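This report concerns only the one structure given below.
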Amino acid sequence: MTKLQDQLVQWMLDRQNRYAYSQGPTRLDPEAKKMTDCSALVRYAYLQVAGIEVGTWTGNQQDRGRIVVGLDVQTAAEAERLLQKGDLVFFDWDGINVGYFDHVEMYIGNGQTIGHGGPGNGPTI
C-alpha cells in the first residue's frame, strides 16, 4: 500500500461519527458545516488528502472512476482480493438500477468499508 492510501483511510477513521447526515448544499464542506452525505464525504477526503476531485455525487464519481471489481467476480473473497485501501465501493441500495449506484463508501482493508449512510452521525465502518 502507498502512503497516500494509508492517509486516505486514516483521514476517514479520524472522522468517525463526526458529521450529521444531509443531502443539502452544505454537504460539500463537512468540516465547516458538520454535515455531509456519502458522496460528499469521500469527495472531501480525496480533496483534502490527495488534491483529487472525484466528483460531487455518487453517479459523477462512478463516471470518473475505473471499474476494478465488477459483475464478472464470482465471490466476495475474490472481489476483496482485488480491492485496495482507498478504493471507492459503490452500492445499489434501492435496487432500482437506473444506471447509477446510490451509495458510495471507501474500502479500508480487512473486508471493511467506511462511509456515511445516514441518518445519524458518520462516517461509520
Side-chain angles (χ1 to χ4, degrees):
M1 296 297 128
T2 69
K3 182 178 177 182
L4 183 59
Q5 288 169 301
D6 289 335
Q7 289 173 332
L8 280 164
V9 169
Q10 192 60 53
W11 190 94
M12 293 286 279
L13 291 172
D14 289 346
R15 283 153 182 83
Q16 288 185 80
N17 302 305
R18 185 180 288 188
Y19 310 116
Y21 185 79
S22 173
Q23 289 186 328
T26 59
R27 70 187 180 85
L28 295 176
D29 190 1
E31 290 292 301
K33 304 299 182 180
K34 303 299 181 214
M35 58 182 58
T36 193
D37 69 358
C38 64
S39 55
L41 179 64
V42 297
R43 173 188 182 261
Y44 199 80
Y46 266 88
L47 279 174
Q48 295 301 303
V49 175
I52 298 171
E53 173 60 73
V54 297
T56 61
W57 65 284
T58 306
N60 189 236
Q61 293 167 353
Q62 178 185 334
D63 285 344
R64 289 174 183 235
R66 179 176 57 88
I67 296 173
V68 293
V69 178
L71 296 176
D72 58 328
V73 175
Q74 300 299 312
T75 67
E78 184 181 356
E80 186 180 341
R81 280 193 301 277
L82 296 172
L83 290 170
Q84 295 183 32
K85 287 181 179 180
D87 281 351
L88 299 184
V89 179
F90 295 90
F91 301 86
D92 183 15
W93 277 3
D94 64 15
I96 295 174
N97 192 11
V98 294
Y100 290 106
F101 294 104
D102 51 16
H103 183 64
V104 61
E105 295 195 2
M106 183 183 291
Y107 185 70
I108 62 171
N110 298 318
Q112 296 180 310
T113 61
I114 188 170
H116 203 319
N121 290 338
T124 56
I125 297 173

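Since this is a predicted model, take the numbers as computed values, not measurements. Basis for what follows: all heavy atoms, side chains included, without hydrogens, waters or symmetry-related copies.
Here the OG atom belonging to S22 is positioned 9.0 Å from the NE2 atom belonging to H116, to the nearest 0.5 angstrom. To the nearest 0.5 Å, atoms OH (Y19) and CG (N121) are separated by 11.0 Å. The structure places CE of M106 at 12.5 Å from CG of L83, a figure rounded to the nearest 0.5 Å. The line from NE2 of H103 to CZ of F90 is 10.5 Å long, rounded to the nearest 0.5 Å. Rounded to the nearest 0.5 angstrom, T113 OG1 and D87 CG are separated by 12.0 Å. Within the model, atoms CE of M12 and NZ of K85 stand 14.0 Å from one another, a figure rounded to the nearest 0.5 Å.
Annotation: N110, atom CG; neighbour count of heavy atoms from other residues, nucleotides and ligands within 6.0 Å does not exceed 12.
Within the 4.5 Å cutoff, the side chain of L8 has no heavy atoms near those of the V42 side chain. Using a 4.5 Å heavy-atom cutoff, the side chains of E53 and L47 are in contact. For the pair S39/R27, a side-chain contact is recorded, criterion being any heavy-atom separation below 4.5 Å from C-beta on. No side-chain heavy atom of L28 sits less than 4.5 Å from a side-chain heavy atom of Y44. Using a 4.5 Å cut-off on side-chain heavy atoms (C-beta onward), V104 and F91 make no contact.
Minimum heavy-atom separation, D37 to Q23: OD2-CG, 3.8 Å. Annotation for V9 and G86: closest pair CG2-N, 4.1 Å, computed over non-hydrogen atoms.
Here the side chain of Q61 pairs a donor or acceptor atom with the backbone of G55 at under 3.5 angstrom.
Transitive grouping of hydrophobic side chains (ILVMFWY, heavy atoms separated by less than 4.5 Å) brings V49 and I114 into a common cluster. In the hydrophobic clustering of this structure, Y107 does not group with L13; members are Ile, Leu, Val, Met, Phe, Trp, Tyr whose side-chain heavy atoms approach within less than 4.5 Å, directly or through other members. Follow the hydrophobic side-chain contacts under 4.5 Å out from L82 and you never reach L88; the two are in separate clusters. Residues L4 and L41 share a single hydrophobic cluster, defined by chaining ILVMFWY side chains whose heavy atoms lie under 4.5 Å apart.
Using modelled atom types and a 3.5 Å distance limit, the side chains of D14 and Q10 yield a donor-acceptor pair.
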